[in-house]
2 protein chains.
Amino acid sequence: MPAKRVTLADVAKRAGLSSAAASMILNGRPDTRLSKEAHERVHAAAAELGYRPNLAARGLRTDKTQTIGFVSDLVATTRFASGLITGALGAAEKASHVLLVTETGGDARRETDAIAALVDRQVDGIVFATMRARDLFIPDLPETTRVVLLNATNTRYPLSVLPDEEAGGRAAVDLLVAAGHRDGIVLLGQNDDVERELFRSSTISRRAAGIRAAMRAHGLEFASEESIWLWEPRNGYDATRALFERDPGVRALVCMNDRLAFGAYQALGDLGLRVPDDVSIVSFDNDELASYLRPGLTTIGLPHEEMGARAIELLLADGATPEGETLVDMPIVERASVAPPRA
Amino acid sequence: MPAKRVTLADVAKRAGLSSAAASMILNGRPDTRLSKEAHERVHAAAAELGYRPNLAARGLRTDKTQTIGFVSDLVATTRFASGLITGALGAAEKASHVLLVTETGGDARRETDAIAALVDRQVDGIVFATMRARDLFIPDLPETTRVVLLNATNTRYPLSVLPDEEAGGRAAVDLLVAAGHRDGIVLLGQNDDVERELFRSSTISRRAAGIRAAMRAHGLEFASEESIWLWEPRNGYDATRALFERDPGVRALVCMNDRLAFGAYQALGDLGLRVPDDVSIVSFDNDELASYLRPGLTTIGLPHEEMGARAIELLLADGATPEGETLVDMPIVERASVAPPRA
DNA sequence: TATGAGTGCTGAATCCATTTAGCACCGCCG
DNA sequence: CGGCGGTGCTAAATGGATTCAGCACTCATA
């Protein structure tokens, strides 16, 4: 690239036309009456000079920047967030847009600052993503700013993209039932009696609702429900050990997430029990972990990337926007942790 | 926020001054001779109206956008990339900058497009990050664009940020030696005889070099070196089983990464061997996994976040820039996988 | 031969903040 | 009283693209 930026005026001059004409031609305006020759000359000149429009100047005039703000509470911690970003990045790229990414740590002040920074840069729209789907607080925004919520909901902004947790929950149970399980099924992580008042997050309650609906539909009941506050491997381990000491007849585990399942694997190993011969396991998230486990963990995946992509598509789709929630299917990834119950 | 954007002219009018004066005051220009009253009136007006400068307009004039491009080959796959981004995001936020993030998948064409998109938006600088530190290809850029490489090197752009793998490699071996290991130490993942010609990545070869240097310094030799092409748990599992079938006298494993170590844990478990009583393990990366393992894996961490932050700091530091490579210390995270060798 | 429609294009305003050159005024000195 | 230096501020240009209003022509029609 040359030292001096090539401007539209340079292109116009080389083509022997006004910059007005050059602008219209390069933007492919339909109703213009410029000659074929003019078109050719301008395009040739632009190509020869390596012209690239200055988007700051264009943005100043048109109030469109081809830039989308992506506000996330956490990108580092979970792979979930980076999946969302990757999906969003891909969709944005397809639409020749670019993503201004910010991270707020869930802190209201940082969130306000981040939004100000984005608005100052005239983003065309903002995607708010959160890791623990909740009703998100959103500061005031210019009315023209389009907003899509990703893994979150908000009363003021109706457009949101969520995983279809209800269906996912049902799928998990169906998997077990299809393998022949009816008794000794335990729900690991959630206990509605204990947690009725607890705010976990709206998507998690849908997951639980789906699980319960499927159990009812099959006329089954959980042998027990284990409430676990923190869904980390260590807690899954402890809960599983305690569970089997109390009730050795457990044949299947529905784990609320893969980390819990990972802990369960470890506990089962220490107890001399084998997956899936002695106990079957289904879980949620399709964490990286799930593929590392031996045998592979069957899990209902969180469709991060597709969700990210959908959010951008929704943001960019003008006109026919599907109001309300967009539910994205959770993929059922069957590995090797489910088998018929031992006789 | 009001429907119409507040412009500098609005502020100036309300303060009873010209926009030139308002601009100077709001930007805190030092040598200006405007009165104290003028300062107060302008600041008051700006506050009352909620004035926010239009950065597109400013950028057009000043060629500074307070925006940094972050080009990464992969953000989704490894947590490594998101750590880099998080670190970069934090440092950028401190400096009131914002990050335009793009992902290229390592594809040259997407890379070129991404850079064009960033240059079009007049970014102040670009950070190129790659997951597998390599000599990165970078298309032509305007001469004024500052560039920092993150986990990569390039002959044309000397500024780069890398983990101090050589020191990290030495630290891993030192840990084992300090616990009393001298014999039966195996290097899992790398075999210089086999891989001499193989291009893995420049940082990995430094890691290996550090490991070897420390062994030499202690007057030790590996009982064996296992070459593994893909550093995934499955491969670590297979290699470890084969290793112990061949040589049951192995007392310690230096794993080239945590996923390999994870596989080794699984294999050891299946073989009835315990970590760290029967065999000690040190590894690299401080993957999320490492904390999930039982007992916790002692590992030399990749300082993602600090690296990301340093890259931004380097980019923004004008003047006294440390030419060349900035090496970031790898944290030694001691958990429970190293113990004195069994007698 | 005006009149009108159509064709191909341009001039100038506009978006908003920054910045340079310089105006108007004051008090003071010789 | 003329001139000089300092003080406090403003007009206008600038950056680059978009866009509206309209100019200068040609050709056909009444």
Side-chain angles (χ1 to χ4, degrees), chain A residues 1-42 45-46 49-67 119-122 124 142 144, chain B residues 2-43 45-46 49-67 119-122 124 142 144:
Chain A
M1 278 177 207
K4 290 249 165 297
R5 271 196 76 94
V6 176
T7 72
L8 182 61
D10 298 331
V11 172
K13 186 186 295 173
R14 179 176 250 256
L17 288 167
S18 69
S19 38
S23 171
M24 290 163 155
I25 288 171
L26 289 176
N27 291 320
R29 282 236 272 167
D31 55 342
T32 214
R33 297 181 313 230
L34 296 158
S35 67
K36 225 178 174 55
E37 291 75 36
H39 277 82
E40 282 160 12
R41 288 209 311 278
V42 168
L49 298 175
Y51 170 69
R52 311 233 77 212
N54 181 329
L55 297 192
R58 174 183 290 170
L60 187 56
R61 193 71 238 276
T62 60
D63 266 334
K64 295 243 162 293
T65 51
Q66 309 268 92
T67 301
V119 172
D120 288 353
R121 287 171 181 77
Q122 326 281 136
D124 294 345
T144 52
Chain B
K4 289 250 164 299
R5 269 196 76 94
V6 176
T7 71
L8 183 62
D10 298 330
V11 173
K13 186 186 296 174
R14 178 176 252 257
L17 287 168
S18 69
S19 40
S23 170
M24 289 164 155
I25 288 171
L26 290 176
N27 291 319
R29 283 237 271 165
D31 56 340
T32 214
R33 297 179 313 227
L34 297 157
S35 67
K36 224 176 176 55
E37 290 77 34
H39 276 81
E40 281 160 13
R41 288 210 310 278
V42 168
H43 279 121
L49 298 175
Y51 170 68
R52 308 235 80 212
N54 180 329
L55 296 191
R58 174 184 290 172
L60 188 55
R61 195 71 238 277
T62 61
D63 267 334
K64 295 243 162 291
T65 50
Q66 308 268 93
T67 301
V119 172
D120 288 352
R121 286 170 181 79
Q122 327 281 136
D124 294 344
T144 52

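Keep in mind that what you see is a predicted model, and the values were worked out from it rather than measured. Labels below follow one simple rule: chain letters A, B, ... track the order of the sequence lines, proteins then strands, and each chain is numbered from 1.
- Between the CG atom of A/Leu34 and the CD1 atom of A/Ile25 there is a distance of 4.5 Å, given to the nearest 0.5 Å.
- Side-chain atoms of A/Arg52 never come within 3.5 Å of backbone atoms of A/Arg5 as a donor-acceptor pair (strictly under, hydrogens ignored).
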request  = Would you please test B/Leu55 and A/Gln122 for side chain to side chain contact (heavy atoms under 4.5 Å, CB included) and show each step?
outcome  = CA-CA 8 Å; B/Leu55 296 191; A/Gln122 326 281 136; over 6 Å; no
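- Counting to the nearest Å, the C1' atom of C/dG8 and the NE2 atom of A/His39 are 12 Å from each other.
- The distance from atom CE of A/Met24 to atom CG of A/Leu17, rounded to the nearest 0.5 Å, is 11.5 Å.
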query = Step by step, would you call A/Thr67 with A/Arg121 a side-chain hydrogen bond (donor to acceptor under 3.5 Å, both in side chains)?
reply = CA-CA 9 Å; A/Thr67 301; A/Arg121 287 171 181 77; over 6 Å; no
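- When atom types are taken as modelled, the side chain of B/Ser19 and the backbone of B/Ala22 share no donor-acceptor pair closer than 3.5 angstrom.
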query = Reading nucleotides 12-21 of chain C 5' to 3', which nucleotides get B (base under 4.0 Å from a protein heavy atom), which S (sugar-phosphate only), which -?
reply = -BBBBBBBB-
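- In 5' to 3' order, the nucleotides of DNA chain D bounding all contacts with chain B (an atom under 4.0 Å from a heavy atom) are D/dT7 to D/dG16.
- Here A/Ala22 lies out of heavy-atom contact (under 4.0 Å) with every strand.
- Using a 4.5 Å cut-off on side-chain heavy atoms (C-beta onward), A/Val11 and A/Val6 make contact.
- Summarising the geometry, atom CG belonging to B/Leu8 is positioned 11.0 Å from atom CG belonging to B/Leu49; distances are rounded to the nearest 0.5 Å.
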